[in-house]
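Remarks on the structure that follows.
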Amino acid sequence: MELPGKWQEYKSPFRHYTAKDVLGENEYLKTLNAFNECIIKKKETLLRDGHKQNQYYEKYDAIISAVTNQNIDGFSSLISYSFVEALGQLIKFPFNGLLDAAIHSHPLNSRSGWIHTDYCSAWFNDPSFNQHCFCFADRSKCDYFSGKKLKDDAMPVEYARVGTLIYFLGNDKWQTGYGGETVLFNSSVKTSNTRTKFIAPENNTLLFFECSPHSYHSFITNVVQPRNSIIFWLHCTVEDAQQKWPQGLNRTKSI
Amino acid sequence: MKAVCLLTGGAGFLGGELCKLLSADYHLISVYHQKIPVSGSKLFTSVANPDDEEILFIQADLTKKEDVRRVVEVALARFGKIDHIIHCAADIKFHGKIREIFFNGDYFQSQFTINTLSPMLLTSLVYEECWKDVPDVNKEKNRSVVNISSMSGLVSTPAPQSQAVYAASKAAYNILSAHLSAELVPYHVRVNCVCPASLKDPVYLKKVLNTIRSLLTNNESDKIISSF
């Protein structure tokens with residue numbers, strides 16, 4: 001499959017890709033509608049469960065709602081198997097169907113994030129592999145990051161994140177100075193010498209990169225308007241990850 | 001294309017010997033600073049005939065970041081890659097006794113900078129510009145770093161030699177090399193340290209040279225080699 005939109009590859013601060021005009025107009029609007037519906041529902045649930053407005057999680061302020069087999073239809077223009085397969089080819093990791101996907105909506109003045117790589121263990125519950133079908137991470141059965149069992153019958157299996165995609169939408173009128181960018185770094189600690197690149201959250205654009213021991217990035221506070229995105233991660237076996245980057249994976253053990 | 005080897009301290013005694021030993025098998029980039037490659041040697045001939053050169057000479061002060069950057073830029077512009085680094089450049093003087101450092105210790109920081117920090121700066125920039133996103137290529141090319149340290153960094157020698165700061169700089173170099181080795185494991189780049197004693201004996205020198213050459217081609221990693 002040809003990658004949709006206009007793609008560019010960059011080497012610095014680490015190898016990454018950006019694309020604009022990713023979806024056609026109708027596909028974009030369909031995806032945006034699905035996004036808005038999910039966010040409204042999730043926000044109601046979070047507030048009902050006693051979360052404070054605009055501070056939904058301990059270290060991360062975005063409202064997050066998972067994309068699963070139940071709601072994939074609304075996002076199928078973006079998250080199609082052939083597209084994700086093409087992304088896997090781009091970073092030379094054949095896609096195996098394992099996907100973790102979610103929509104993220106950062107309320108105004110969300111806190112800046114911490115510098116991290118995304119290159120870590122990712123636990124899937126007893127994954128099944130069917131040709132050309134996604135197997136989404138089921139976070140109700142086991143913790144995605146630690147593998148901790150959340151249900152007695154859970155069977156967590158460890159994989160590794162191998163690719164990150166962030167698609168921006170619903171950020172009308174965004175301008176430089178509004179914040180909400182994803183910042184890429186060439187080192188784990190930011191100093192005056194650190195190479196950085198700001199990825200603007202402009203509608204219908206995306207950022208894609210291979211997760212590696214040096215894919216350092218973070219979110220920057222949004223000071224004028226909410227910042228919306230759809231994020232998904234591709235995965236590979238731990239063995240494949242270790243073969244490419246020996247001892248480079250930030251591993252967790254199942255509890 | 002032959003492998004590309006970046007050698008610092010190329011005009012020093014050991015650096016010069018390595019140039020002679022490796023120039024047939026590698027594209028060599030020899031970095032020198034105050035000491036100029038000696039007249040009449042193979043090295044000088046190469047400078048005189050740049051079109052026919054086997055060794056690319058670059059004069060640089062590797063304690064300065066802008067010079068480190070220039071060395072890497074020139075090397076990549078000329079060869080498009082760097083496969084190996086051999087860090088020979090060092091301040092090998094025994095400057096004085098540690099008990100007198102309050103009065104004559106001005107050399108302390110510069111000796112540490114040359115012997116300990118500069119090699120790390122150079123390797124860091126080569127990693128950034130050439131090795132970071134290509135672990136598969138690094139593995140295929142068997143890329144590596146050889147840090148020339150010293151026996152002085154491993155054992156404490158009798159006081160009359162006054163080599164405390166030199167020895168400490170080499171000890172620090174050894175432990176930094178060990179950490180660097182671990183940090184570059186995910187990138188398939190090997191890092192080793194060679195810790196020779198005095199190189200005056202020709203037989204001993206030959207063993208040291210052969211050890212350095214073998215480290216470029218074998219699969220050793222995270223080794224501190226002091227027995228020859």
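Numbers restart at 1 for each chain; the letters A, B, ... are given by sequence-line order, proteins then strands. Keep in mind the model is a prediction, meaning the values are calculated, not measured.
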Could you name the residues of [range] that have a heavy atom within less than 4.5 Å of a heavy atom in chain A?
| range | value |
| --- | --- |
| residues 179-191 of chain B | B/V185, B/P186, B/Y187, B/H188 |
| residues 81-93 of chain B | none |
| residues 65-75 of chain B | B/K65, B/R69 |
| residues 116-129 of chain B | B/Y127, B/E128, B/E129 |

Query raised in the report: Based on non-hydrogen pairs under 4.5 Å, which of A/P246, A/G248, A/S187, A/P213 is most in contact with chain B?
Result: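 So the answer, after comparing A/P246, A/G248, A/S187, A/P213, is A/P246.
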**Report entry** Most chain B-contacting option - heavy-atom pairs closer than 4.5 Å, from A/Q242, A/K92, A/R195
**Finding:** A/R195
Does [X] [atom1] have over 12 foreign heavy atoms under 6.0 Å away?
| X | atom1 | result |
| --- | --- | --- |
| B/F102 | CZ | no |
| B/K2 | NZ | yes |
| A/E9 | CD | yes |
| B/I175 | CD1 | no |

Query - A/N186 side chain reached by B/K132 side chain, heavy atoms, under 4.5 Å - result: yes
Requested in this report: Quick one: closest heavy-atom pair of A/K11 and B/D133, and the distance?
Outcome: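 The answer is O-OD2, 4.0 Å.
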